[in-house]
Amino acid sequence: MLAIEHARSVNTFVVLDLDYRAYSWASEQEASLYYQIAARASNVIIGNLEEINILSTHASLEYDMQPNKLEAFLKPYFQGVAELIIVKREEDGSQAFTKDGRCLKQGIYPVSVKKPFGAGDAFAGTLIHGLIKGLDIETCIRRGSAAAAINVSRDSCTEAMLSLTELLSFMARNEQTKFK
């Protein structure tokens, strides 16, 4: 929290990748409390369904994710500094909720999966790169989806890191699915 407070004090753009690991916390309630505090001080919040659910101390949202219910749940975070909330939905794609009320849905790039880890970091890193470069949200999410696909199609995370040229070439050669 100290790092976020310092970043906010010098007007730095703050991205919170929830990256929840149950073994790191004494309880879900403890994780929820700290994630809620950090989320309210972040410009961008990124998480999968489980991680977004940890923001809630209420009943599980995972099994009842109608768009209007999820939007209503996320709305209070937009009353602070949050401008964008990304919900990663694994093989279904991702949803991006914006402060101005838009819900953008993004599919995936189907690939042969060699490993299940690293996709979230590739997605987030590429998304953040695009935001810093001033690209529109749709392009950032599309690029993040492509980076995630490339990552899981390779043997290790280190080897899966890609250049912008490689990313754009992959996107030009491959079709993206629609959000499910």
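Along the sequence shown, residues are numbered consecutively beginning with 1. It should be emphasised that the depicted structure is a prediction, and the values quoted were computed from it without experimental measurement.
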Query raised in the report: With distance as the sole test, does Lys115 use its side chain to make a donor-acceptor pair with the main-chain N or O of Asn151 at under 3.5 Å?
Result: yes
**Report entry** Straight-line distance of Asn48 CG to Asp17 CG, nearest 0.5 Å
**Finding:** 9.0 Å
Requested in this report: Kindly say whether Gly107 contributes a backbone atom to a donor-acceptor pair with the side chain of Thr177 at under 3.5 angstrom?
Outcome: no
Query raised in the report: Okay, side chain of Lys99, backbone of Gly80: is any donor-acceptor separation there less than 3.5 Å?
Result: yes
Query raised in the report: Looking at Arg143 and Leu167, what are the two nearest heavy atoms and their distance?
Result: O-CD1, 3.6 Å
Query raised in the report: Taking the side chain as C-beta and beyond, is there a heavy-atom pair between Ile150 and Val111 under 4.5 Å?
Result: no
Report summary line: Taking every heavy atom of Ile86 against every heavy atom of Ile52, the minimum-distance pair comes out as O-CD1, 4.4 Å
Report summary line: Nearest heavy-atom contact between Phe78 and Leu84 is CE2-N, 3.8 Å
Report task. Please confirm whether the backbone N or O of Glu28 pairs with a side-chain atom of Ser32, one donor and one acceptor, at under 3.5 Å? Result -> no
Requested in this report: Please tell me if the side chains of Arg40 and Pro76 come closer than 4.5 Å, counting only heavy atoms from C-beta onward.
Outcome: yes
Report summary line: Of all heavy-atom pairs linking Gly130 and Cys140, the shortest is C-SG, 3.3 Å
**Report entry** Side chain Tyr77, main chain Ala39, donor-acceptor under 3.5 Å
**Finding:** no
Query raised in the report: Going by heavy atoms in the side chains, are Tyr109 and Arg173 under 4.5 Å from each other?
Result: no
Requested in this report: Would you check if Ile37 and Ile4 make a side-chain contact, meaning some heavy-atom pair closer than 4.5 Å?
Outcome: no
Query - Glu51 side chain vs Tyr20 backbone, donor-acceptor pair below 3.5 Å - result: yes
Query raised in the report: Taking atom CD of Glu91 as the centre, does the number of heavy atoms from other residues, nucleotides or ligands within less than 6.0 Å exceed 12?
Result: yes
Query raised in the report: Is there side-chain contact between Ile128 and Phe13, with at least one heavy-atom pair below 4.5 Å?
Result: no
Query raised in the report: Just wondering, do Val44 and Glu83 contact through their side chains at under 4.5 Å, heavy atoms?
Result: no
Requested in this report: For the pair Gln106 (side chain) and Ser94 (backbone), establish whether a donor and an acceptor sit closer than 3.5 Å, ignoring hydrogens and angles.
Outcome: no
Query raised in the report: When you measure from the side chain of Asn43 to the backbone N and O of Val14, does any donor-acceptor pair fall under 3.5 Å?
Result: yes
Requested in this report: Tell me yes or no: between the side chains of Glu5 and Ser9, is some donor less than 3.5 Å from an acceptor?
Outcome: no
Query raised in the report: Short question: side chain of Ser145, backbone of Ile141 - any donor-acceptor pair under 3.5 Å?
Result: no
**Report entry** Over-ring placement of Arg102 relative to Phe97, 6.0 Å and 45° cut-offs
**Finding:** no
Query raised in the report: Taking C-beta and beyond as the side chain, do Ile54 and Leu18 meet within less than 4.5 Å on heavy atoms?
Result: no
